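Given the structure is predicted, the values throughout are model-derived calculations rather than measurements. Labels below follow one simple rule: chain letters A, B, ... track the order of the sequence lines, proteins then strands, and each chain is numbered from 1.
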Number of protein chains: 2
Amino acid sequence: MTGGGVVTEPKYQRIAAALKAAIAEGEYGPGDRLPGENDLMAAHGVARMTARQALGVLQSEGIAEARKGAGVFVRTFHPLRRRGIQRLTREAWGSGRSVWSVDATDRDVVVDQIRVGEEPAAEHIARVLGLVADEPVCVRDRRFVLDGKPVLLSTSSLPAGLVAGSPITRPDTGPGGIYARLAELGHEPVHFREEVRSRMPTSDETARLALPGGTPVLLVCRTAFTQDGSAVEVNEMVLDANSYILEYDFDA
Amino acid sequence: MTGGGVVTEPKYQRIAAALKAAIAEGEYGPGDRLPGENDLMAAHGVARMTARQALGVLQSEGIAEARKGAGVFVRTFHPLRRRGIQRLTREAWGSGRSVWSVDATDRDVVVDQIRVGEEPAAEHIARVLGLVADEPVCVRDRRFVLDGKPVLLSTSSLPAGLVAGSPITRPDTGPGGIYARLAELGHEPVHFREEVRSRMPTSDETARLALPGGTPVLLVCRTAFTQDGSAVEVNEMVLDANSYILEYDFDA
DNA sequence: TAGTGGTCTAGACCACTCC
DNA sequence: GAGTGGTCTAGACCACTAA
């Protein structure tokens, strides 16, 4: 450095702030290329690592995204709207539509990385489902890809004894999805609880959702309850936070 | 680099992975100090910037937290549970309790940085409240601090004409909060919509919530509707994602 | 005061993208 | 092939924390 002024805000922060201001004023719009490391070195008279650090600020704040060999670009935000309550009404899953398609009409949805199997229940799952630890659960793990962009990872767990032999243990569960099948088995879900939190992704989540740096994930854990109050399914979802707005409507 | 093996994963990623593995195996627990830059340089034979980069990975993933002059420490996760639906039943706000206290019983809650005033409505607020752009709104901006830790920023906007002269325009709104006051004014909220998303914090949010690096924020935007379907309040909240789990309960 | 992380420099080689 | 970001080195001074 070393230099400088009075109490001196770090150079890289000043550069980052200047870039943010330029974006805010519309000088750079969504998708535009920002000044690169060489530009910033020349413009501000700093070393490469310092220019890098400035660009790193914007990336870690989710404002910009680096593409190897190409440049650093302003990011966009075009979220899906996911209605947490209306999507789970009986009409939605009783009428041959999958739950997913309720909020993604007319989009190119692909479900891949499907894995269906039986495993010993993790401790926190077993507790919610009222099972003994290590008791077997049917696990359905899937990835949802919308218009070529992976947006959601879903891991659904059900007591293995409850669903043995049903379509739930197969990749394709048929019209109406697993809730319709559960109803046919006499375990119709009538109540749901969704718990929502957010954190930075693990490296596995970063890879499976193809997340650029500075993108958090939303975690939605949904528990389905039958009329007698017992939990029959726990669905742990990982959502690209840049692709989703969750909506919950309810009366006072 | 230099060097290495076959397709060579970057050194800093290997070091970061080793640290994560050590944490996962319980070698370092919540609050423990991790090996510092000097330790990593010696242990792995790398330069300072490389060791820094490895520690930076853990920080940007929210796993660790650096304290100047002290070291890098494993972070903890002790969230509050915020019930989005039960907390807004009439019993909750009709009985002299503030909405906030419903989910933070027996905790040391302080509300500070209170700012109440009248402003021209932002475009997105005006649209929801059914106002003309720049029409005045009453804005209530507050920060909630729990046990000394700031956890939530709240900005509530109401049509200025609707609430003029009422306690809503003053810092202390009285028992039951603004929903009880709105009811007294003949604008009782009967329906709510909460929209939830997540992103990395702005620098202002980082400062006001005292967020360590690698912590996203949850954005909850709640709109309150009266019986005739008109929106009477928009409350934009910014939550420390490391301090909250949102819970929504509903029937099929 | 010794050690820590925060900032910064001035070089270097690499893989990748775009022309 | 020129330019980009990704990784890495080997030094440096600083402010801060803790003993």
Contact between [X] and [Y] at the side-chain level, heavy atoms closer than 4.5 Å - yes or no?
X: Leu55(A); Y: Leu40(A); result: yes
X: His78(B); Y: Thr76(B); result: yes
X: Arg143(B); Y: Arg208(B); result: yes
X: Arg75(B); Y: Thr215(B); result: yes
X: Val196(A); Y: Leu218(A); result: yes

Distance, rounded to the nearest Å, where [X] contributes [atom1] and [N] contributes [atom2]:
X: Ile15(B); N: dT7(D); atom1: CD1; atom2: C1'; answer: 12 Å
X: Arg52(B); N: dT4(C); atom1: CZ; atom2: P; answer: 13 Å
X: Gln13(A); N: dG6(C); atom1: CD; atom2: P; answer: 12 Å
X: Arg67(A); N: dG3(D); atom1: CZ; atom2: C1'; answer: 16 Å
X: Gln53(B); N: dT7(C); atom1: CD; atom2: C1'; answer: 15 Å
X: Glu65(B); N: dG5(C); atom1: CD; atom2: P; answer: 13 Å
X: Phe73(A); N: dG5(D); atom1: CZ; atom2: C1'; answer: 11 Å
X: Lys68(A); N: dC16(C); atom1: NZ; atom2: C1'; answer: 7 Å

- [ ] Report yes or no: do Glu194(B) and Tyr248(B) form a side-chain donor-acceptor pair below 3.5 Å?
- [x] yes
Open item on the list: Can you see whether Ser157(A) engages Glu233(A) through a side-chain donor-acceptor pair at a distance of less than 3.5 angstrom?
Closed with: no
- [ ] Tell me, yes or no, whether the heavy-atom count around Arg14(A) atom CZ, taken from other residues, nucleotides or ligands under 6.0 Å, exceeds 12.
- [x] no
With the threshold set at under 4.0 Å for non-hydrogen atoms, list the residues of [range] touching DNA chain C in residue-number order.
range: residues 200-216 of chain A; result: none
range: residues 54-63 of chain B; result: none
range: residues 30-50 of chain B; result: Arg33(B), Gly36(B), Glu37(B), Asn38(B), Arg48(B), Met49(B)

Task: Position toward the 5' end of DNA chain C (nearest nucleotide), Ala66(B) or Ala70(A) - done: Ala66(B)
Open item on the list: Looking at Asp112(B) and Arg142(B), is there a salt bridge between them, counting it only when a charged N and a carboxylate O are closer than 4.0 Å?
Closed with: no
Open item on the list: Against Pro35(B), only a single residue in Ile15(B), Leu19(B), Val72(B) fulfils side-chain contact (heavy atoms from CB on, under 4.5 Å); can you say which?
Closed with: Leu19(B)
Open item on the list: Ring of Phe73(B), cation from Arg67(B) - is the NZ or CZ under 6.0 Å from the centre and inside 45° of the axis?
Closed with: yes
Open item on the list: Taking the minimum atom-to-atom distance to the side chain of Tyr12(B), which one of dT7(D), dT7(C), dG5(D) wins?
Closed with: dT7(D)
